[in-house]
Amino acid sequence: MDTSDDALIRQIERGDKAAMRLLYERHASDLTAFVRNRLNDPVEAADVVQDTFLEVWTRAARFQAKSSVRSWMYSIARNKAVDRIRKLSRLIVSEPDETLPDDAPDAVAVIANAEDAERVRQCLDDLSDAQRAAVTLSFYDEMTYREIAEIEDVSEGTVKTRIFHAKKLLMRCLSRTRG
């Protein structure tokens with residue numbers, strides 16, 4: 001039995017719940033990381049991922065194989081994350097509650113306890129959203145520049161430029177945080 005993503009989409013198109021479950025199990029974790037990187041909120045990210053898979057379920061027949069199933073799903077997730085960001089930005093933010101304790105560690109404690117992975121994460125946070133998305137998709141999700149371009153709805157050249165500049169910024173940041 002063919003369990004490629006393309007085959008699963010065709011099965012999902014016919015209402016095959018087992019195929020949907022397999023596609024979900026195969027991609028949910030990576031999609032969640034992708035969306036969390038954009039939203040910085042695990043609850044919102046989980047909602048976006050669920051909305052993404054709901055759309056995959058309801059729109060499987062519209063998949064035209066112009067890109068990979070994976071790229072198609074990432075594009076859906078990206079669009080839903082952008083919509084969520086727009087929606088959240090329209091919410092009225094109340095004044096900060098000064099009675100809550102400041103649980104944030106001081107900079108010295110963070111630096112003293114930082115390991116390589118944490119330094120990389122901090123440096124990634126300093127990148128623009130577009131650069132961070134390109135780097136994450138390329139290096140963590142092992143996507144090609146073409147796939148990233150499809151997901152981000154930009155040219156491959158733009159992806160290459162984003163990654164080139166992001167690498168320079170990451171190297172500069174990592175060399176500053178060592179010590």
Side-chain angles (χ1 to χ4, degrees), residues 4-6 9 23-24 26-53 55-56 63-90 104-179:
S4 69
D5 287 351
D6 289 325
I9 282 294
L23 190 72
Y24 180 87
R26 185 176 292 165
H27 294 287
S29 178
D30 290 341
L31 268 174
T32 300
F34 170 72
V35 174
R36 280 184 76 173
N37 226 351
R38 292 183 172 272
L39 298 179
N40 293 322
D41 183 332
V43 174
E44 292 293 333
D47 286 348
V48 167
V49 170
Q50 292 305 315
D51 290 347
T52 299
F53 278 103
E55 187 161 329
V56 168
F63 176 69
Q64 298 176 354
K66 292 180 181 176
S67 63
S68 69
V69 171
R70 183 178 180 209
S71 295
W72 179 62
M73 290 190 312
Y74 272 74
S75 295
I76 293 169
R78 176 192 170 273
N79 292 336
K80 293 197 172 293
V82 167
D83 290 345
R84 189 64 55 114
I85 289 167
R86 287 182 185 140
K87 179 182 172 187
L88 293 173
S89 69
R90 287 187 288 245
D106 66 330
V108 174
V110 170
I111 292 169
N113 296 321
E115 295 181 6
D116 286 343
E118 182 61 26
R119 283 200 306 262
V120 170
R121 196 171 10 264
Q122 289 171 350
C123 291
L124 279 170
D125 287 344
D126 290 341
L127 298 175
S128 70
D129 290 343
Q131 289 172 330
R132 184 172 47 257
V135 167
T136 301
L137 290 171
S138 177
F139 296 103
Y140 292 105
D141 295 323
E142 299 178 359
M143 290 191 179
T144 65
Y145 288 171
R146 181 177 177 201
E147 290 174 314
I148 297 168
E150 290 171 7
I151 292 166
E152 294 294 317
D153 196 25
V154 298
S155 71
E156 281 185 60
T158 299
V159 171
K160 289 177 185 177
T161 300
R162 287 177 180 173
I163 290 176
F164 173 78
H165 290 294
K167 283 180 179 178
K168 288 175 75 173
L169 291 170
L170 286 170
M171 291 305 294
R172 191 175 310 139
C173 177
L174 289 169
S175 65
R176 267 196 328 260
T177 60
R178 280 191 168 74

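Between the CD atom in Glu152 and the CG atom in Asp129 there is a gap of 9.5 Å [rounded to 0.5 Å]. Asp126 contributes atom CG, which lies 11.5 Å from atom CZ of Arg172 (distance to the nearest 0.5 angstrom). Rounding to the nearest 0.5 Å gives a distance of 13.0 Å between NZ of Lys167 and CG of Leu127. One distance of note links CG of Leu137 with CD1 of Ile148; it measures 5.0 Å at 0.5 Å rounding. Summarising the geometry, atom CD belonging to Glu156 is positioned 7.0 Å from atom OG1 belonging to Thr144; distances are rounded to the nearest 0.5 Å. Between atom CH2 of residue Trp72 and atom CG of residue Asp5 there is a gap of 11.0 Å, rounded to the nearest 0.5 Å.
The side-chain heavy atoms of Leu23 and Met73, taken from C-beta on, include a pair separated by under 4.5 Å. Counting heavy atoms from C-beta outward, Glu147 and Tyr74 have side chains that stay 4.5 Å or more apart. Residues Phe53 and Ile76 have side chains not in contact (no heavy-atom distance under 4.5 Å, counting atoms from C-beta outward).
When all heavy atoms of Ala166 and Val135 are compared, the closest pair comes out as CB-CG2, 3.4 Å. When all heavy atoms are compared, the tightest approach of Ala81 to Leu39 is O-CD2, 3.8 Å. The minimum heavy-atom distance linking Asp125 with Arg132 is given by the pair O-NH1, 3.4 Å. Listed here is the closest heavy atom pair of Tyr24 and Gln50: OH-NE2, 3.1 Å. Of all heavy-atom pairs spanning Ser75 and Glu150, the tightest one is OG-O, 3.4 Å. Pairing each heavy atom of Ala28 with each of Val49, the nearest pair is O-CG1, 4.5 Å.
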query = Should Val154 and Arg162 be marked as a side-chain contact (heavy atoms from CB on, under 4.5 Å) after you check the CA-CA gap, both sets of side-chain angles, and the distance that decides it?
reply = CA-CA 11 Å; Val154 298; Arg162 287 177 180 173; 3.7 Å; yes
query = Where do Asp6 and Phe63 land on the side-chain contact (heavy atoms from CB on, under 4.5 Å) test, with the steps shown first?
reply = CA-CA 9 Å; Asp6 289 325; Phe63 176 69; 3.7 Å; yes
message = Before you tell me yes or no, could you show the steps for Tyr140 and Leu124 under side-chain contact (heavy atoms from CB on, under 4.5 Å), namely the whole-Å CA-CA distance, both residues' side-chain angles and the distance that decides it to 0.1 Å?
response = CA-CA 12 Å; Tyr140 292 105; Leu124 279 170; 3.8 Å; yes
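Other residues, nucleotides and ligands place no more than 12 heavy atoms under 6.0 Å from the CG atom of Asp153.
A salt bridge links Arg84 with Asp51: at least one charged nitrogen is closer than 4.0 Å to a carboxylate oxygen. Ion pairing between a basic and an acidic side chain is recognised when a charged N comes within 4.0 Å of a carboxylate O; Arg86 and Asp83 show such pairing.
No side-chain donor-acceptor contact under 3.5 Å links Ser138 to the backbone of Ala134.
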